[in-house]
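I have placed the structure first, in the form of structure tokens, so that the comments after it can refer back to it.
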Amino acid sequence: MDIQAQLKQAVAEAITSLYNLPVENVLIQPTKKEFEGLYTFVTFPLTKSTRKPPVEIGQAIGTYLKENTHLVSKFNVVQGFLNLSISDAVWVDEVSGMLADPHWGQLPSRNESVMVEFSSPNTNKPLHLGHLRNNFLGDSVSRILKASGYDVVKACLVNDRGIHICKSMLAYQEFGNGETPESTGMKGDHLIGKYYVWFDKAHKQQIEELIEEGMSKEEAEKKTPLLLKVQEMLRKWEQGDPETVELWKLMNSWVYAGFAETYHEIGVRFDKTYYESETYLLGKDVIEDGLQKNVFYRKPDGSVWIDLADEGLDQKLVLRSDGTSVYMTQDLGTTDLKFQDFPIQRGIWVVGNEQDYHFAVLFAILRRLGRPYADGLFHLSYGMVDLPSGKMKSREGTVVDADDLIEEMVETARNRTRDLGKIDDFESEEATLLYHMLAMGALKYYLLKVDPKKRMTFNPEESIDFQGHTGPFIQYTHARICSVLRKAEQLGVNPVGTLNSVELAESEQQLVYLLTQFVQRITEAGTDYAPSYLAQYAFELAKAYNQFYGELSILSEPNADKLKFRVALSKAVVETIRKSMELLGIEVPSKM
RNA sequence: GGUCCCGUAGCUCAGUUGGAUAGAGCAUCUGAUUUCUAAUCAGACGGUCUUUGGUUCGAAUCCAAACGGGAUCACCA
């Protein structure tokens with residue numbers, strides 16, 4: 001049992017013993033740093049039931065804890081706040097315990113499986129900044145859930161069909177001149193993206209022309225020769241026209257090759273990939289099921305609907321009058337498919353908050369259909385990424401391309417490292433790996449440190465910052481500790497085995513205190529689907545270590561027990577930093 | 001217009017089920033390297049927690065309204 005839980009129990013005992021009162025939930029909070037102590041119990045809530053002043057209660061409980069437990073070494077009372085100091089022997093034991101625990105940072109199995117769907121790209125354009133937030137969140141949440149004891153299936157649903165895909169296909173047919181990624185030297189996804197943009201431009205031009213000929217804007221938007229052709233192409237694709245399917249396959253293969261490169265760069269992998277071209281027809285049997293259960297109703301024109309007005313969600317179409325699927329139909333079908341394919345109990349979708357309504361409806365429908373998994377579904381709804389200049393708009397060309405961004409970050413990492421003269425050979429393979437590690441560390445940390453639910457601003461200048469509240473700051477601290485540990489090893493200091501109790505400085509107590517919070521932070525990050533908790537935690541830990549490092553000497557400490565403890569503490573911190581960062585999908589260097 | 005989300009330092013963000021004088025980073029200024037990595041550390045400056053009212057021992061946090069910003073309300077995905 002961790003210290004905080006032990007304290008809670010001890011305080012509860014104290015209250016029962018001193019006042020003979022039933023105790024519900026004892027609240028222990030961290031002590032504010034201007035007061036002595038690390039844990040604080042607030043006595044205000046007890047004033048009513050005990051009819052005693054808050055200070056007296058604090059004194060009584062403090063005295064009880066000091067006399068009856070081995071935990072508390074001293075205490076002080078400020079108004080209704082009882083501040084508790086933990087004895088150094090307890091802290092020292094905590095550190096030995098962590099180092100001896102082979103499962104440090106891995107919670108026991110819950111015998112429960114969960115699927116996390118994320119990334120889910122369109123095959124008509126390259127990945128951009130918004131996708132990066134999605135990918136980093138999905139990947140990190142998967143890691144956090146795994147550490148929390150769940151079995152995790154990482155899934156990706158590729159949006160590889162539909163009218164938007166046909167647009168780049170048509171543009172390629174019209175203007176492509178048989179270009180290929182090889183002939184142009186372009187990454188496949190960028191090449192396809194180019195045609196998607198071409199289509200959009202040409203289409204707009206045709207709209208203008210039609211308007212000049214006297215057509216209304218609304219009509220013109222639906223009647224351009226290009227749009228009619230694209231609709232024809234989609235029909236052909238759905239009928240399996242060999243030529244169309246051939247082109248579709250060819251162009252998608254280029255896109256996938258491009259995506260594979262980017263996924264490799266950002267270190268994201270999936271256990272299962274679904275393709276919409278294979279799943280878009282699913283869901284019609286779900287519609288039948290719903291009609292039979294009277295969850296859905298059919299309108300005279302043949303379209304099928306659900307009425308969720310009593311849940312504040314309005315009426316929603318689930319099948320078109322011509323019998324074809326809409327987005328909702330497909331999602332109903334793929335959700336069933338996921339739960340057939342894998343022995344999972346829960347499903348998570350990492351999708352932007354512009355789809356909040358869609359998922360509210362999806363989950364409501366599945367509940368009404370009585371799906372056994374319906375209560376285990378969650379939409380991890382994240383906020384959009386803005387630029388300092390405002391929203392990213394593809395039409396105005398303000399979208400930040402993922403590959404470009406990564407390249408820029410690597411370049412910055414290389415320049416910084418050179419300017420600081422940090423390593424010997426700047427062109428070695430090791431150096432290249434380091435630049436990549438730092439670049440991805442900066443980028444991932446920048447996007448993950450913010451609460452996922454919140455809309456965030458991406459400031460290019462800040463994102464490449466390597467100082468302060470950044471990934472590289474934490475990576476640096478890791479490298480710094482590794483350096484100390486290497487030297488300790490040369491000196492023959494071995495931090496395993498029991499540690500003798502020593503007197504600790506405040507910065508040391510603070511560090512151990514933070515370490516003991518690790519498991520709780522993982523748990524909270526898992527239940528709230530919030531990698532930002534661990535990002536904050538890793539930063540706090542690194543900062544606390546740097547403070548300790550600046551104040552105290554480790555290797556030239558004359559007292560052998562203290563020296564050994566500090567090396568052990570450093571080892572526990574380096575492990576915990578590494579694991580925290582790993583949960584964010586960020587690698588850490590041993591030198592930088 | 002209906003529904004939902006957001007509003008904390010000049011900027012970017014933390015702030016656990018309501019607790020002490022609201023915290024970090026960046027930016028600005030000052031100091032620290034004969035000593036384990038200065039991509040670091042110490043310090044200064046910086047606040048009407050959008051506003052108003054309510055709940056109570058106690059509110060950035062809960063409730064209500066107003067103002068400001070965003071999303072969504074397709075036989076699109």
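In what follows, every heavy atom counts, from backbone to side chain, and hydrogens, waters and symmetry copies are set aside. Every chain is numbered from 1, with letters handed out A, B, ... down the list of sequences.
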Report task. Using both distances under 3.5 Å as the test, list the Watson-Crick or G-U wobble partner of A42(B), or none. Result ->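 Pairing partner: U30(B).
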In whole angstrom, give me the gap between the [atom1] atoms of [N] and [M].
{"N": "U8(B)", "M": "A14(B)", "atom1": "C1'", "answer": "10 Å"}
{"N": "U56(B)", "M": "C49(B)", "atom1": "P", "answer": "22 Å"}
{"N": "G58(B)", "M": "A20(B)", "atom1": "C1'", "answer": "11 Å"}
{"N": "A66(B)", "M": "C5(B)", "atom1": "P", "answer": "16 Å"}
{"N": "G10(B)", "M": "U55(B)", "atom1": "C1'", "answer": "35 Å"}
{"N": "U37(B)", "M": "U33(B)", "atom1": "C1'", "answer": "11 Å"}

Report task. Give a yes or no on whether K48(A) atom NZ has more than 12 heavy-atom contacts from other residues, nucleotides or ligands under 6.0 Å away. Result ->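 Open.
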**Report entry** Heavy atoms of other groups near K284(A) NZ, more than 12 under 6.0 Å
**Finding:**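 Yes, NZ of K284(A) has more than 12 neighbouring heavy atoms, counting only those of other groups under 6.0 Å.
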Any side-chain N or O of [X] under 4.0 Å from OP1/OP2 of [N]?
{"X": "R320(A)", "N": "C76(B)", "result": "yes"}
{"X": "K422(A)", "N": "A39(B)", "result": "yes"}
{"X": "R161(A)", "N": "A77(B)", "result": "no"}
{"X": "T457(A)", "N": "C13(B)", "result": "yes"}
{"X": "K487(A)", "N": "U37(B)", "result": "yes"}
{"X": "K454(A)", "N": "A14(B)", "result": "yes"}
{"X": "K48(A)", "N": "C57(B)", "result": "yes"}
{"X": "R455(A)", "N": "C13(B)", "result": "no"}
{"X": "K32(A)", "N": "G23(B)", "result": "yes"}

Query raised in the report: Can you find a donor-acceptor N/O pair under 3.5 angstrom joining the side chain of T31(A) to the base of A20(B)?
Result: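 There is none.
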Query raised in the report: Has the side chain of N546(A) got a donor or acceptor atom sitting under 3.5 Å from an opposite partner on the base of A38(B)?
Result: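 Donor-acceptor pair under 3.5 Å: no.
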Query - Between Q510(A) and E506(A): side-chain donor-acceptor atoms closer than 3.5 Å - result: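 Absent: no donor and acceptor within the cut-off.
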Query - No-hydrogen, no-angle side-chain donor-acceptor test under 3.5 Å, S507(A) and E551(A) - result: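 There is such a pair (donor and acceptor under 3.5 Å, judged by atom type) between the side chains of S507(A) and E551(A).
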Looking across every strand, which nucleic acid part, if any, lies under 4.0 Å from [X] by heavy atom: base, sugar-phosphate, or nothing?
{"X": "Q475(A)", "value": "nothing"}
{"X": "T47(A)", "value": "nothing"}
{"X": "F473(A)", "value": "sugar-phosphate"}
{"X": "P30(A)", "value": "base"}
{"X": "K299(A)", "value": "nothing"}
{"X": "E354(A)", "value": "sugar-phosphate"}

If we require ring centres under 5.5 Å and near-parallel planes under 30°, does [X] stack on [N]?
{"X": "F539(A)", "N": "A24(B)", "answer": "no"}
{"X": "F81(A)", "N": "G19(B)", "answer": "no"}
{"X": "F35(A)", "N": "A20(B)", "answer": "yes"}

Query raised in the report: Quick check: does any side chain N or O of N124(A) sit under 3.5 Å from a backbone N or O of Y196(A), one acting as donor and the other as acceptor?
Result: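 Not confirmed, N124(A) side chain does not pair with Y196(A) backbone.
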Query raised in the report: Quick check: does any side chain N or O of R566(A) sit under 3.5 Å from a backbone N or O of D561(A), one acting as donor and the other as acceptor?
Result: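 Not at all, since once roles are kept as given, no pair shorter than 3.5 Å links the two residues.
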Requested in this report: For G468(A) and for N122(A), locate the closest nucleotide of RNA chain B by heavy-atom distance; then report the residue assigned to the nucleotide nearer the 5' terminus.
Outcome: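 Upstream on the strand: G468(A).
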Requested in this report: On RNA chain B, check which nucleotide each of Y357(A) and D322(A) is closest to and give me the residue with the more 5' one.
Outcome: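 So the residue in question is Y357(A).
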Report task. Look at the rings of F359(A) and W349(A) and say which category their plane angle falls in: under 30° parallel, 30 to 60° tilted, over 60° perpendicular. Result ->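 Aromatic pair F359(A)/W349(A) classed tilted.
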